[in-house]
Number of protein chains: 2
Amino acid sequence: MTPRPDPDALGFVLIDAARLLRAAFERRIAGAGLGITPGEARTLVHAAALDGSRQLDIAQRMGIEPMTLSTYLDRLQSLGFIERRPDPADRRARLIFTTPAADALIRDVRVEQVELMTQVTAGITPEDRELVRESLKRMRANLRAIEEDQQALPLAKEAGR
Amino acid sequence: MTPRPDPDALGFVLIDAARLLRAAFERRIAGAGLGITPGEARTLVHAAALDGSRQLDIAQRMGIEPMTLSTYLDRLQSLGFIERRPDPADRRARLIFTTPAADALIRDVRVEQVELMTQVTAGITPEDRELVRESLKRMRANLRAIEEDQQALPLAKEAGR
DNA sequence: GTTTATGATAAGCTTCCCTTATTATAAGCC
DNA sequence: GGCTTATAATAAGGGAAGCTTATCATAAAC
């Protein structure tokens, strides 16, 4: 009955795996001389997938704060992998485009990613792997909903004023 | 054939989910007024599970560097949740024990953890959830093996000298 | 008994993310 | 049309979770 704390509980294992994965990815990218961090790679991939979007939209899709994204984009821009162009429809906004130089990088990142994930998922069947991916997507969606709920609560308290 | 980079690839989703989970756990623990960080909670749980071990053993079990653990333990010790006692068998080593005060905290952490994970895994069957946990454990083990391989490589290069 | 290995830790760094405050511009409202 | 409010980006600064490298004490090996 007494629920003993388990270092192998789902939450702990998830965080462990993510930490180790990030470290392994970092070593791989560094080893390949790509010169970016995992966070920058993730940003670049999202930027490429949403080419021509504004920063707010990309940030929302990535689930991070706009300011956090802005910092990543600064770095990617200084490396010549993305461009910020003014939005003709709204002079406050900038549209993000990847440069031709980014294409090769994204391909390289992708190769490292696939090779690494092949090693990491060794011993897991493709079906299970896909089930894990879907489950994690579900968890991610749940977590985003929880986040919004928690942000909504403090406002609800003040709504009475 | 051309593998387009997918923001929903397993690795990205895993890292996303872990980031959001850590943030949600942090808010929960803060909300409950427990006064520790997720990393400290993880350390405490491991320390309790391995009560009376040396720091090196705990660090290895957690998969982090001894120095990183030492910093967590400093904090947990200053809060009165763990004790460092000299190892009678080796005066270089210290043995880690949790204090009675830690018991209540661990129970509270556990409650928060269970409640949060129930929300997070909403819509996932218990069987799938267990499969995800097992798969993640497998991935974690693979990642640790990869880590060791990569550390072994540079030495292998120098072995010829 | 001297050299080498090991347990802990001090010092300082990196990555990834956050919050808060500012600035420029757009949109809504008399 | 001018005034207020909302929104896009970003400057400034901070915190959590790790890492590496160097140091010190002690143990083990030769």
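When reading the values below, keep in mind they use all heavy atoms of this one structure, side chains included, and skip hydrogens, waters and symmetry mates.
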Exercise. In terms of side-chain heavy atoms of B:Pro38, which of C:dC16, D:dA17, D:dC19 is nearest?
Worked result: D:dA17
Problem set entry | N-O pairing of A:Arg144 and A:Glu147 below 4.0 Å | no
Seminar exercise, completed: Sorted by position of nearest nucleotide on DNA chain D, 5' first, the leading residue of A:Leu73 and A:Arg92 is A:Arg92
Seminar exercise, completed: Between CD of B:Gln55 and C1' of C:dT6 the distance, given in whole Å, is 13 Å
Exercise. Under 3.5 Å, is there an N or O donor on one side and an acceptor on the other linking the side chain of B:Arg91 and the base of D:dT26?
Worked result: no
For this session: Return no unless some side-chain N or O of B:Ser70 is found under 4.0 Å from OP1 or OP2 of C:dT9.
Result: yes
Exercise. Can you check the B:Ile36 CD1 to D:dA16 P distance for me, whole Å?
Worked result: 12 Å
For this session: Considering just the side-chain nitrogens and oxygens of A:Tyr72, establish if one lies under 4.0 Å of OP1 or OP2 belonging to C:dT15.
Result: no
Exercise. Within this structure, what is the CG-to-P distance between B:Asp90 and D:dT26, rounded to whole angstrom?
Worked result: 10 Å
Problem set entry | Nearest-angstrom distance from the residue atom CD of A:Glu65 to C1' of C:dA21 | 15 Å
Exercise. Whole-Å distance between C:dT6 P and B:Arg54 CZ?
Worked result: 12 Å
Problem set entry | 5'-most by nearest nucleotide on DNA chain D - A:Thr71 or A:Ala93 | A:Ala93
Problem set entry | Spacing between B:Leu143 atom CG and D:dG18 atom C1', to the nearest angstrom | 16 Å
Problem set entry | A:Arg19 side chain near A:Arg22 side chain, heavy-atom distance below 4.5 Å | no
Exercise. For B:Asp103 and B:Thr98, does a side-chain donor sit closer than 3.5 Å to a side-chain acceptor?
Worked result: no
Problem set entry | OP1 or OP2 of C:dC16 under 4.0 Å from side-chain N/O of A:Thr37 | yes
For this session: Starting at atom CG of B:Asp57, determine the distance to atom P of C:dT6, rounded to an integer number of angstrom.
Result: 14 Å
Tabulate below the donor-acceptor pairs under 3.5 Å that side-chain atoms of residues 55-62 of chain A make, not counting sequence neighbours, or state none.
from    : atom 1 : to      : atom 2 : distance (Å)
A:Gln55 : OE1    : A:Arg84 : NE     : 3.0

Problem set entry | B:Arg19 side chain near C:dC17 phosphate (N/O to OP1/OP2, under 4.0 Å) | yes
Exercise. Quick one: is C:dT9 close enough that its OP1 or OP2 comes under 4.0 Å of any side-chain N or O from B:Arg94?
Worked result: yes
Exercise. Could you state the CD1-P distance from A:Ile29 to C:dT15, rounded to the nearest angstrom?
Worked result: 12 Å
